[in-house]
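Here's the structure, in structure tokens; my notes come after.
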Amino acid sequence: QVQLVESGGGLVQAGGSLTLSCAASGSFVSISRMGWSRQAPGKQRELVAAITSGDNTNYADSVKGRFTLSRDNAKNTVYLQMNSLKPEDTAVYHCYAAGRPLWSDYDYDYWGQGTQVTVSS
């Protein structure tokens, strides 16, 4: 299994920056992808950014040029650097990982508990 521990959320003014971290731990063979999604009240969950073990990244159009996702494979940790934050970035951000547990030949998706990001205008 894979456990994900998130940190770094909080309150920031518009135009400010925050960095979210997500560390994966547990008993697994590998983690192929990690990333972040977010969900604002009354809205559907949105994939924000994802990164593969080979450091290939993709971003939602709404965050391109403002958010940067990086990964430390040795620590199984990803970092989401969020700059030029806007009030519409306010949401609960959830870390996710596609990991292969020891008992399986397939990857499974795992999700963190979520961390609140609030951007005031």
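The analysis underlying the following values was restricted to heavy atoms, covering all of them including side chains, and did not include hydrogens, waters or symmetry mates.
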Can you check whether V117 reaches M82 side chain to side chain, under 4.5 Å on heavy atoms?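 They are in side-chain contact.
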
Please examine the side chains of S104 and F28, heavy atoms only from C-beta on, and report whether any two atoms are closer than 4.5 Å.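 Side-chain contact under 4.5 Å: no.
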
What's the spacing between [X] [atom1] and [Y] [atom2] if we round to 0.5 Å?
X    : Y   : atom1 : atom2 : result
N76  : R71 : CG    : CZ    : 7.0 Å
L69  : I51 : CG    : CD1   : 5.0 Å
R33  : N58 : CZ    : CG    : 9.5 Å
K86  : S84 : NZ    : OG    : 8.0 Å
T115 : L20 : OG1   : CG    : 6.0 Å

Do you know the tightest heavy-atom contact between [X] and [Y]?
X    : Y    : value
Y106 : R100 : O-CG, 3.5 Å
V92  : G114 : CG1-CA, 3.9 Å
G112 : L4   : N-CD1, 3.7 Å
Q3   : Q1   : NE2-CB, 3.7 Å
A91  : A40  : CB-N, 3.8 Å
L18  : G8   : CD2-O, 3.9 Å

Only pairs at least two apart or in different chains count here, so list each ring-ring contact (aromatic ring centres under 6.0 Å, His included) that has a residue in residues 59-100.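 Sorted result for residues 59-100: Y96-W111.
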
Please name all residues satisfying salt bridge (charged side-chain N to carboxylate O under 4.0 Å, His left out) with [X], sequence neighbours left out, ordered by chain then number.
X   : value
E46 : R38
R66 : D89
K64 : D61

Can you pull the salt bridge (charged side-chain N to carboxylate O under 4.0 Å, His left out) pairs that have at least one residue in residues 48-57, sequence neighbours excluded?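 As it turns out, there is no salt bridge (charged side-chain N to carboxylate O under 4.0 Å, His left out) pair with a partner in residues 48-57 once direct neighbours are skipped.
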
Are W103 and Y108 an aromatic pair, judged by ring center distance below 6.0 Å?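 So the answer is yes for these two rings.
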
Quick one: do M34 and S53 satisfy side chain to side chain contact (heavy atoms under 4.5 Å, CB included)? Show the steps, please. CA-CA 8 Å; M34 294 186 74; S53 57; over 6 Å; no

Return yes if some donor-acceptor pair links the side-chain N/O of E6 with the main-chain N/O of C95 below 3.5 Å, else return no.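 Checking the backbone N and O of C95 against the side chain of E6, a donor-acceptor pair under 3.5 Å is found.
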
Give a yes or no on whether the backbone of A60 and the side-chain of S62 come within a donor-acceptor separation of less than 3.5 Å.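 No, because the side chain of S62 does not come within donor-acceptor range (under 3.5 Å) of the backbone of A60.
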
Keeping to residues at least two apart or across chains, list the side-chain hydrogen bond (donor to acceptor under 3.5 Å, both in side chains) pairs with something in residues 12-30.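 side-chain hydrogen bond (donor to acceptor under 3.5 Å, both in side chains) check on residues 12-30 returns S17-N83, T19-Q81.
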
Run the side chain to side chain donor-acceptor pair (under 3.5 Å) test on S32 and D107 for me, step by step, so that the C-alpha distance in whole Å, both residues' side-chain angles and the decisive distance to 0.1 Å come before the verdict. CA-CA 8 Å; S32 56; D107 286 355; 2.9 Å; yes

Could you see if V12 belongs to whatever hydrophobic cluster contains W36? Use Ile, Leu, Val, Met, Phe, Trp, Tyr and a side-chain cutoff under 4.5 Å.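 Cluster IDs for V12 and W36 match.
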
Is the closest side-chain donor-acceptor distance between E88 and T90 under 3.5 Å?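 Note: E88 and T90 side chains miss the donor-acceptor criterion.
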
